[in-house]
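Report on the structure given below.
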2 protein chains.
Amino acid sequence: MSRLSKLEQVKNCSGEFVLAVNDTMNVLNGKWKLPIIGSLLYGKKRFKELEREIPKITPRMLSKELKDLEVNGIVTRTVYASIPVTVEYELTKSGNSLKTVLEVMVEWGLQHRKRFIGKRRRLEKTLWR
Amino acid sequence: MSRLSKLEQVKNCSGEFVLAVNDTMNVLNGKWKLPIIGSLLYGKKRFKELEREIPKITPRMLSKELKDLEVNGIVTRTVYASIPVTVEYELTKSGNSLKTVLEVMVEWGLQHRKRFIGKRRRLEKTLWR
DNA sequence: TATAGCGCTATACTCTTGTATAGCGGTTAC
DNA sequence: GTAACCGCTATACAAGAGTATAGCGCTATA
């Protein structure tokens, strides 16, 4: 491991701690990752099921985001040779363990809102409208 | 609070839990937020100090990101009427408490890498090169 | 035969993020 | 006076993320 402290690594944009934070950020990044992961935390789902469950997502984005998540080891894609083919998406162990991370983020977000209300009425630019 | 469960809120892109996660995501979002916050976790800093500490950031981006952070209650900007003016940026209570969140993200990231190595050699698209 | 569902892909566009480069008005040091 | 530091802003551009819309090959149902 590097001699730099954790915080020094952060400000220097280098080191395994920063890599780790950024892996996490990257996995959750983009408008649709959270809804997809949230939906899959309930259990495996098929493409059309996800499309129906997640309001306003286009098949193009769903396909792209699922590919991202698969490539980064967050979901598995299983094709069954039924006729017509069936495809199922399921969270990996890593994917499921994101729940803990999300819970901490919820906690921080709620606390921050509590502190922040009274100073400003709303947070700028919330992703979900 | 909504009748929807936490997870239902996530997949539906609605509800206070999702708002909370997204506040958190939004605060950390962008290429330079993490280095800036990381740097400020050491204590207050002036504009040029940050510019020097964070490799390759342009004043334009530093200015913009600091403004974002200020508007969202993560840093305070204090102007001292010295000659010439001195400007100091400092983390708010919310800003400092992000440390906990970052630690959980580090933890998940490291675990994920451990699990993932052996399946693929590297994670796609790490933000910091 | 026609319609609908499945699991997508293709094309083309816009909108947001980030980069590159230059410069401003002020002050201090040589 | 001229060079350098401070705390930025302006302009122009490039790249990436997200949207809109259409359609593919397949099958099951009416």
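In this text, all values refer to a predicted model and were calculated from it rather than measured experimentally. Within every chain, numbering begins at 1; the chains are lettered A, B, ... in the order of the sequence lines, protein sequences first and strands thereafter.
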Report summary line: Rounded to whole Å, the CD-P distance (A:Glu51 to C:dC8) equals 10 Å
Query raised in the report: Base, sugar-phosphate alone, or nothing: which one does A:Lys56 contact when heavy atoms must sit under 4.0 Å apart?
Result: nothing
Query raised in the report: From the list D:dG18, C:dT28, C:dT9, which nucleotide is the closest neighbour of the side chain of B:Ile83?
Result: C:dT28
Query - Of A:Arg77 and B:Pro59, the one whose closest DNA chain C nucleotide lies more 5' - result: A:Arg77
Query raised in the report: What's the CD1-P distance between B:Ile54 and C:dT19, to the nearest Å?
Result: 12 Å
Query raised in the report: Do the charged groups of B:Glu51 and B:Lys48 touch, with an N to O distance under 4.0 Å?
Result: yes
Requested in this report: State whether A:Lys33 and A:Glu65 are salt-bridged, where the test is any N-O pair (Lys NZ or Arg NE/NH1/NH2 against Asp/Glu carboxylate O) under 4.0 Å.
Outcome: yes
Query raised in the report: Between the base of D:dT11 and the side chain of B:Arg60, is there any donor-acceptor pair under 3.5 Å?
Result: yes
Query raised in the report: Quick one: is C:dC8 close enough that its OP1 or OP2 comes under 4.0 Å of any side-chain N or O from A:Ser63?
Result: no
**Report entry** Side-chain donor or acceptor of B:Thr76 paired with backbone N/O of B:Thr92 under 3.5 Å
**Finding:** no
Query raised in the report: Should A:Glu53 and A:Lys45 count as an ion pair when the cut-off is N to O under 4.0 Å?
Result: yes
Requested in this report: Kindly say if A:Lys67 contacts the phosphate of C:dC8, meaning a side-chain N or O under 4.0 Å from OP1 or OP2.
Outcome: no
Report task. Find the partner of D:dA30: check Watson-Crick (N1-N3 plus N6-O4 or O6-N4) and G-U wobble (N1-O2, O6-N3) distances, both under 3.5 Å, and reply none if neither fits. Result -> C:dT1
Report task. Starting from P on D:dT11, measure out to NZ on B:Lys64 and report it in whole angstrom. Result -> 18 Å
Report summary line: Rounded to whole Å, the NZ-P distance (B:Lys45 to D:dC8) equals 16 Å
Requested in this report: Send over the distance from A:Glu53 CD to C:dC6 C1', rounded to a whole Å.
Outcome: 16 Å
